[in-house]
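Some notes on the structure that comes next.
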Amino acid sequence: IGTIELPDDFEDLEYYENKENDDTEIETNAPPTIIKNCYNSGRVYGEGISLDINIGGIAGCIFYNVLVTDCYNTAEIYARVLESYLDIHTITYVGGIVGFSFEGTITMCYNTGTIRTLNYGLDESYNAGIVSYVLGGGVSRCYNEGSVYSFSNGHIGVVGGIAGDN
């Protein structure tokens with residue numbers, strides 16, 4: 001029922017490197033990738049030992065010029081991170097619509113499903129009804145009616161109705 005629209009032409013996408021601090025940045029005039037009128041009604045479950053776990057009802061993570069609009073989730077989103085005896089930094093990002101957003105845009109979306117995270121790792125857990133972590137970009141005209149639960153053995157446990165952290 002929903003659509004994912006990719007730009008016809010990626011020629012307007014320019015990559016350049018910042019030589020001073022070795023960061024790669026993206027500057028774009030290209031039209032956004034659009035995820036529109038999509039929904040999820042089936043349970044989403046993720047488990048493991050990993051550096052980053054990104055779980056969402058519509059998308060695990062979105063980057064740069066991505067727009068998620070008019071989408072909804074009605075199902076439980078559940079993540080379980082097992083304790084690791086390895087010395088690795090684990091972070092879970094769990095959201096009803098998107099797990100992690102880096103310079104993406106989420107608009108006119110809603111969640112009624114339960115968000116649940118059990119993090120037995122030693123680090124960070126971000127959980128929210130719409131998007132667990134927003135780094136640039138934005139969230140607008142969204143709402144959450146689902147419950148958000150989190151258990152974390154780690155240093156940081158963040159829970160939010162709309163966004164966990166930004």
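Please read all numbers here as calculations on a predicted model, not as lab measurements.
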**Request:** Take the angle between the ring planes of F100 and Y133 and call it parallel below 30°, perpendicular above 60°, tilted in between.
**Result:** parallel

**Prompt:** Taking the six-membered ring of Y78 as reference, does the NZ or CZ atom of R43 fall below 6.0 Å from its centre and within a 45° cone about the axis?
**Reply:** yes

**Message:** Under the criterion side-chain contact (heavy atoms from CB on, under 4.5 Å), I'd like the reasoning laid out for T105 against V66: C-alpha separation, chi angles, the key distance, then a yes or no.
**Reply:** CA-CA 6 Å; T105 302; V66 174; over 6 Å; no

**Prompt:** Once you round to the nearest 0.5 Å, how far does CG of N40 lie from CG of N73?
**Reply:** 5.0 Å

**Request:** Determine yes or no for a side-chain-to-main-chain donor-acceptor pair under 3.5 angstrom, with S132 supplying the side chain and G99 the backbone.
**Result:** yes

**Fill in**
Note: G164 and A128 closest approach over all heavy atoms is N-CB, 3.3 Å

**Message:** Distance alone, cut at 3.5 Å: any donor-acceptor contact between the side chains of E145 and Y143?
**Reply:** no

**Message:** Restricting to ring-ring contact (aromatic ring centres under 6.0 Å, His included), what partner residues turn up for F151, sequence neighbours left out?
**Reply:** Y120

**Asked** In terms of side-chain heavy atoms, does T107 have a donor or acceptor partner in T69 at a distance below 3.5 Å?
**Response** no

**Prompt:** Is the closest side-chain heavy-atom distance between V98 and V68 below 4.5 Å?
**Reply:** yes

**Message:** Can you tell me how far apart CZ (R141) and CG (D70) are? Round to the nearest 0.5 Å.
**Reply:** 8.5 Å

**Asked** Where do I35 and C71 come nearest, in terms of heavy atoms and distance?
**Response** O-SG, 3.7 Å

**Message:** Restricting to non-hydrogen atoms, name the atom on A163 and the atom on V134 that form the minimum distance, rounded to 0.1 Å.
**Reply:** CB-CG2, 4.4 Å

**Request:** May I ask you to check whether over 12 heavy atoms, not counting those of Y149, lie within 6.0 Å of atom OH?
**Result:** no

**Request:** Report the C-alpha separation of T117 and S150 in whole Å, then their side-chain angles, then the decisive distance to 0.1 Å, and conclude whether the side-chain hydrogen bond (donor to acceptor under 3.5 Å, both in side chains) test is met.
**Result:** CA-CA 5 Å; T117 301; S150 177; 5.2 Å; no

**Message:** If you compare all heavy atoms of I55 against all heavy atoms of A79, which two are closest, and at what distance to 0.1 Å?
**Reply:** CD1-CB, 3.6 Å

**Asked** How many angstroms lie between atom CG of D165 and atom CG of L135, to the nearest 0.5 angstrom?
**Response** 9.5 Å

**Prompt:** Should V139 and I130 count as side-chain neighbours, where that means a heavy-atom distance under 4.5 Å?
**Reply:** yes

**Asked** Where is the tightest heavy-atom contact between N144 and I162, given as atom of each residue plus distance?
**Response** N-CD1, 3.8 Å

**Asked** Which atom names give the shortest non-hydrogen contact between C109 and I97, and what distance separates them?
**Response** CB-CG1, 4.0 Å

**Fill in**
OH of Y39 to OG1 of T74, rounded to nearest 0.5 Å, is 8.5 Å

**Pairwise distance CD1(I77) to OG1(T114) - rounded to 0.5 angstrom** = 9.5 Å

**Derivation and outcome, side-chain contact (heavy atoms from CB on, under 4.5 Å), residues V81 and L118** = CA-CA 6 Å; V81 179; L118 296 174; over 6 Å; no

**Prompt:** How long is the gap from CZ on R80 to OG1 on T92, to the nearest 0.5 Å?
**Reply:** 13.5 Å

**Check: N54 side chain, Y93 main-chain N or O, donor-acceptor pair, under 3.5 Å** = no

